[in-house]
2 protein chains.
Amino acid sequence: MVRRNASLAQQIILEMLSEIKSGTMARDDGLLPSETELSRRFEVSRATVREALSKLEMAGVIIRRQGVGTFVNSRSSGQRAAVRGWFDEATALIDFVRDSDSQAQAQVIESRIRPANEVAGCLELEPASSVVAIEKLFLSGGIPVIHCANVIPLSLVEPGSVEKAAELFRGAESAYQFIAHYCHHRVHHQQSETRAALADEKLAHLLQCQLGAPLLRVEEVAYNAELRPVFYGLNHFRGDLVAFRQVRHPALTIGPLAATPG
Amino acid sequence: MVRRNASLAQQIILEMLSEIKSGTMARDDGLLPSETELSRRFEVSRATVREALSKLEMAGVIIRRQGVGTFVNSRSSGQRAAVRGWFDEATALIDFVRDSDSQAQAQVIESRIRPANEVAGCLELEPASSVVAIEKLFLSGGIPVIHCANVIPLSLVEPGSVEKAAELFRGAESAYQFIAHYCHHRVHHQQSETRAALADEKLAHLLQCQLGAPLLRVEEVAYNAELRPVFYGLNHFRGDLVAFRQVRHPALTIGPLAATPG
DNA sequence: AAGTGGTCTAGACCACCAT
DNA sequence: TGGTGGTCTAGACCACTTA
């Protein structure tokens, strides 16, 4: 189970996910071993177990009940074309689509080098400076469900790869991978903005839906550790086929002093 | 600054939010005191400071950079009609609207007792059993931006309040408050599903937008500590005026072994 | 080299829930 | 009353960045 260079908590997360999936960890009613029991089994401190459980809870995988125990969240498994936890995780889209459809495919429409233009502001570039852009479609069950456009400043690409940047991007598994391999940067965090939009002619054609059909639009900018933008993404999800599922906890009472409305 | 019955971490969160807002905590470039310094100032252990900082980071308020320091997220403040962090928090909608417009108003359209019907499944009720339902509009700058429908099983309402449940719900600040006051339950967590949808005739009229305008639809079910559903909510956000803003971190690598696509 | 955040430990006490 | 998760401590070492 051990992965080099992964924290103990991360290793415990992966092991627990695996054992939850195979059904060897939880009781029939979903009850998991207690934190003390888990810390004995994994030979780590209880604090480390709690670190792992906190992330699994945030991801909606488990439910913790004080004085009772920790349970697997049965309402969270066995889903349709749902994107779960994506808002918190900043990892590749395709992985989340595969979570509900292991046969999901990514299909590159186009990749090329072009001026930054309309995304210059987001990426903190001059409008005339060059970027590598890619357009993809994600298919689930053979049906296009997500359209995705990613843009990376060409100035970030290592000198030896600038010439073939478009081609390399086309071959990369994701923007994350391209940035790691050919720009020697890592994504530190992303800021995203989610809205509703209507399918225009181009998107309707690509996503095989009607003109004016409802779409979820997620715009995102990724930053490296120096807080410099490393990529821009514009994603459109078919509103009738895709849903974002989240588990929300009344933990942080940020801003207002009392939890009130609804 | 102290609030009774609040954890030290929670108190630190509120204090830091206040000091960040007033500008007395961060340096001009946004750098906050180190964790060690904060633990001295608040007279708590570093672990407790980190607990608070983790939640502020998740909420997108601060950015932590290993080896450098902790900074306020300047891109996160000074927003429009944005809903920030709502996916993680499970608190009242109105508070989040007020976050970007302190003049925001809630306006009750209707509240009544009716059969569960179409929401019976979500609430684990018989279709014929009674529920208290409320419909609200949230206005920002005088413009309706969110339509919200909440449903609570009448069986949860304390016997003495059943008769006037509709009226009491109308007077309550939120579904959370109604449930706490008149049902003696607390929300343990919520499951939500976000999609894109089009405005039908009714919603177009209420939200003062065109028929077929894009809307964000968030459907949610809240559960108490015993994992019994306590309320159902169906919220529609005007796609042109409201956006969900999130900060995503590549922390949890759940499911896939490598962070890959985009 | 010095300072930062990231990880981890061993132990303590509390609030809550079951019995 | 015993077991659970929730909170908190004091200390240690590591990885990373900056100077």
Taking for each residue the nucleotide of DNA chain D bearing the nearest heavy atom, is the 5' side occupied by A:Ala225 or by A:Leu31?
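By nearest-heavy-atom nucleotide position, the 5'-most residue is A:Leu31.
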Side-chain N or O of [X] closer than 4.0 Å to phosphate OP1/OP2 of [N]:
| X | N | answer |
| --- | --- | --- |
| B:Arg64 | C:dG6 | yes |
| B:Ser34 | C:dG3 | no |
| A:Arg65 | C:dC16 | no |
| A:Thr48 | C:dT9 | yes |
| A:Thr70 | D:dG5 | yes |

Quickly work out the [X] [atom1] to [N] [atom2] distance and round it to whole Å.
| X | N | atom1 | atom2 | answer |
| --- | --- | --- | --- | --- |
| B:Gln66 | D:dC13 | CD | C1' | 13 Å |
| B:Arg50 | D:dT7 | CZ | P | 16 Å |
| A:Leu38 | C:dT9 | CG | P | 14 Å |
| A:Arg46 | C:dC13 | CZ | P | 14 Å |
| B:Glu43 | D:dC8 | CD | P | 15 Å |
| A:Gln11 | C:dG6 | CD | C1' | 15 Å |
| A:Leu8 | C:dG6 | CG | C1' | 12 Å |
| A:Leu32 | D:dG3 | CG | P | 19 Å |

Mapping B:Val68 and B:Glu226 to their closest nucleotides on DNA chain C, which lands nearer the 5' end?
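Of the two residues, B:Val68 wins.
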Of B:Arg186 and A:Ser45, whose nearest nucleotide on DNA chain C comes first from the 5' end?
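Mapping each residue to its closest nucleotide by heavy atoms, the 5'-most match is A:Ser45.
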Pair A:Glu19 + A:Arg41, salt bridge at N-O below 4.0 Å:
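Salt bridge flag = yes for A:Arg41 with A:Glu19.
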Please confirm whether the backbone N or O of B:Val61 pairs with a side-chain atom of B:Asn73, one donor and one acceptor, at under 3.5 Å?
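Pair absent, no side-chain N/O of B:Asn73 close to backbone of B:Val61.
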I'd like to know if the side chain of A:Gln10 pairs up with that of A:Ser7 as donor and acceptor (distance under 3.5 Å, no hydrogens or angles considered).
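No, no side-chain donor-acceptor pair sits under 3.5 Å.
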Can you tell me how the ring of A:Tyr223 sits relative to the ring of A:His189, calling it parallel under 30°, perpendicular over 60° and tilted otherwise?
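Aromatic pair A:Tyr223/A:His189 classed parallel.
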Would you please indicate if the ring centroids of B:Tyr182 and B:Phe169 are separated by under 6.0 Å?
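Aromatic pair excluded; centres sit 6.0 Å or further apart.
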